[in-house]
Amino acid sequence: MVTYKDNLDGITSELLQGGFFDGWPNTPSPQAHLRILQGSDALVLALGEDGRVVGYITAISDGVSCAYIPHLEVLPAYRGKGIGKELVRRMLAKLDYLYMVDLLCDPDVQPFYESLGMQRATGMALRNYDRQNCAGVG
Ligand SMILES: CC(C)(COP(=O)(O)OP(=O)(O)OC[C@H]1O[C@@H](n2cnc3c(N)ncnc32)[C@H](O)[C@@H]1OP(=O)(O)O)[C@@H](O)C(=O)NCCC(=O)NCCS
């Protein structure tokens with residue numbers, strides 16, 4: 001059974017070693033992943049029965065008007081079981097007091113977010129791919 005929590009109590013980089021950032025050419029280490037979680041303003045974790053993290057979502061926010069959701073991922077072996085939707089539902093509930101909640105995603109994932117009440121929008125992005133593994137930052 002998967003359980004959910006919205007803090008990092010007891011979470012170590014060892015519990016993040018399941019293979020996150022699937023498909024990224026330049027993968028952040030579990031230690032960098034933990035720093036990403038520690039630096040986020042809000043997070044929700046999905047934990048497997050052995051206590052390992054099997055999915056997570058983060059948000060950064062000014063706490064007044066807006067939040068941005070940069071990371072959502074469920075480990076491949078755990079996908080298609082409703083965990084991703086539950087992570088988004090829990091995060092949107094936490095951010096419900098804000099005016100703007102934004103994220104960027106590929107077109108194939110737009111129906112997933114639409115089913116959770118979000119609307120399509122246009123956006124802009126900049127990526128420094130040589131820094132994708134977050135090494136030396138934070
Ligand atoms: C997107 C993601 C978090 C969904 O997690 P999940 O636990 O599999 O999601 P759920 O089981 O709650 O929901 C699955 C639903 O989303 C749809 N879906 C998820 N990812 C999809 C994709 N890339 N393309 C099309 N449909 C997708 C499934 O078809 C399914 O639809 P259904 O409920 O109508 O059957 C997961 O696929 C993932 O980690 N992907 C890689 C990282 C990623 O793309 N993150 C989003 C960045 S914006």
Side-chain angles (χ1 to χ4, degrees):
M1 194 183 78
V2 170
T3 57
Y4 297 88
K5 63 188 283 184
D6 63 0
N7 61 65
L8 289 173
D9 294 351
I11 300 299
T12 62
S13 57
E14 286 74 25
L15 298 177
L16 293 164
Q17 284 175 342
F20 284 106
F21 306 102
D22 183 42
W24 287 34
N26 200 9
T27 311
S29 66
Q31 292 76 20
H33 193 177
L34 183 60
R35 295 203 307 276
I36 289 170
L37 299 177
Q38 289 167 336
S40 299
D41 294 305
L43 60 85
V44 185
L45 306 176
L47 305 179
E49 287 183 0
D50 60 0
R52 290 180 175 273
V53 179
V54 301
Y56 76 103
I57 186 170
T58 62
I60 54 176
S61 174
D62 61 16
V64 178
S65 70
C66 65
Y68 178 70
I69 295 176
H71 293 285
L72 165 69
E73 186 173 3
V74 174
L75 290 177
Y78 289 83
R79 290 180 193 167
K81 303 173 191 292
I83 298 170
K85 284 189 177 176
E86 185 61 20
L87 287 168
V88 176
R89 271 190 218 104
R90 286 175 183 247
M91 181 56 80
L92 293 182
K94 293 171 80 67
L95 303 176
D96 188 51
Y97 70 104
L98 294 168
Y99 167 53
M100 292 184 281
V101 178
D102 297 344
L103 60 83
L104 291 170
C105 69
D106 290 338
D108 62 342
V109 197
Q110 286 179 316
F112 170 81
Y113 289 113
E114 280 180 327
S115 76
L116 291 155
M118 300 190 78
Q119 299 163 0
R120 293 178 194 229
T122 52
M124 301 291 287
L126 183 152
R127 298 285 183 271
N128 294 312
Y129 284 105
D130 57 336
R131 297 178 203 150
Q132 190 181 50
N133 67 3
C134 311
V137 180

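Any value given below was found using the heavy atoms of this structure, including those in side chains, with hydrogens, waters and symmetry copies removed. All values derive from a computational prediction rather than experimental measurement.
Annotation: the span from Ile69 atom CD1 to Leu92 atom CG amounts to 5.5 Å, rounded to 0.5 Å. Leu43 contributes atom CG, which lies 10.0 Å from atom CD1 of Ile57 (distance to the nearest 0.5 angstrom). For the atom pair NE2 of His33 and CG of Asn133, the computed distance is 14.0 Å after rounding to the nearest 0.5 Å. Taking OG1 of Thr27 as the start and CG of Asp22 as the end, the distance is 8.5 Å to the nearest 0.5 Å. The CG atom of Leu87 sits 8.5 Å away from the CE atom of Met91 when rounded to the nearest 0.5 Å. Rounding to the nearest 0.5 Å places CZ of Phe21 at 8.5 Å from OG of Ser29.
The list of side-chain hydrogen bond (donor to acceptor under 3.5 Å, both in side chains) pairs with a residue in residues 39-55, not counting sequence neighbours, is empty.
Counting all heavy atoms, side chain and backbone alike, Pro111 lies closest to Pro107 at CD-O, 3.5 Å. Arg35 and Cys134 get closest at one heavy-atom pair: NH2-O, 3.4 Å. For Val54 against Gly48, the heavy-atom pair with the smallest separation is CG1-N, 3.8 Å. The minimum heavy-atom distance between Gly82 and Tyr4, with the atom names listed, is O-OH, 4.5 Å. Counting all heavy atoms, side chain and backbone alike, Ala125 lies closest to Leu104 at CB-CD1, 3.8 Å.
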For this session: Please step through side-chain contact (heavy atoms from CB on, under 4.5 Å) for the pair Leu37 and Leu16, ending with a clear verdict.
Result: CA-CA 11 Å; Leu37 299 177; Leu16 293 164; 3.9 Å; yes
For this session: Verify side-chain contact (heavy atoms from CB on, under 4.5 Å) between Tyr56 and Leu72, making sure each step is shown before the conclusion.
Result: CA-CA 6 Å; Tyr56 76 103; Leu72 165 69; over 6 Å; no
For this session: Show the numbers, then the answer: is there a side-chain contact (heavy atoms from CB on, under 4.5 Å) between Glu86 and Val2?
Result: CA-CA 11 Å; Glu86 185 61 20; Val2 170; over 6 Å; no
For this session: Apply side-chain contact (heavy atoms from CB on, under 4.5 Å) to Leu47 and Val53, showing your working.
Result: CA-CA 5 Å; Leu47 305 179; Val53 179; 3.7 Å; yes
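Counting non-hydrogen atoms of other residues, nucleotides and ligands closer than 6.0 Å to CZ of Arg79 gives a total above 12. Atom OH of Tyr99 is surrounded by 12 or fewer heavy atoms from other residues, nucleotides or ligands within 6.0 Å.
Side-chain contact between Leu75 and Phe20 is present, with heavy atoms from C-beta onward closer than 4.5 Å. Residues Ile11 and Leu45 form a side-chain contact, since some pair of their non-hydrogen atoms from C-beta on lies under 4.5 Å apart. In this structure the side chain of Gln110 reaches within 4.5 angstrom of the side chain of Cys105, judged on heavy atoms. Using a 4.5 Å heavy-atom threshold, the side chains of Ser61 and Leu98 count as touching.
Linking Ile, Leu, Val, Met, Phe, Trp and Tyr whenever their side-chain heavy atoms come within less than 4.5 Å puts Trp24 and Tyr78 in one cluster. Transitive grouping of hydrophobic side chains (ILVMFWY, heavy atoms separated by less than 4.5 Å) brings Leu103 and Val109 into a common cluster. Criterion: ILVMFWY side-chain heavy atoms under 4.5 Å apart, direct or through other members. Under it, Leu116 and Ile83 are part of a common hydrophobic cluster.
Not a single side chain to side chain donor-acceptor pair (under 3.5 Å) links Glu73 to another residue, sequence neighbours left out. Here Glu114 pairs with Arg120 under the side chain to side chain donor-acceptor pair (under 3.5 Å) rule; sequence neighbours left out. Remark: Gln17 pairs with no residue by the side chain to side chain donor-acceptor pair (under 3.5 Å) rule, at least two apart or across chains. Listed by chain and number, the residues in a ring pair (Phe, Tyr, Trp, His ring centres under 6.0 Å) with His71 amount to none (sequence neighbours excluded). Every side-chain contact (heavy atoms from CB on, under 4.5 Å) that Asn7 has, sequence neighbours left out, goes to Lys5, Asp9.
Checked options Asp102, Thr58, Leu95; the residue passing with Tyr68 is Asp102 (criterion: side chain to side chain contact (heavy atoms under 4.5 Å, CB included)).
Taking 4.0 Å as the cut-off between side-chain N and carboxylate O, Lys94 and Asp6 count as a salt-bridged pair.
Remark: side-chain polar atoms of Asp62 are paired, donor with acceptor, to backbone N or O of Val64 under 3.5 angstrom.
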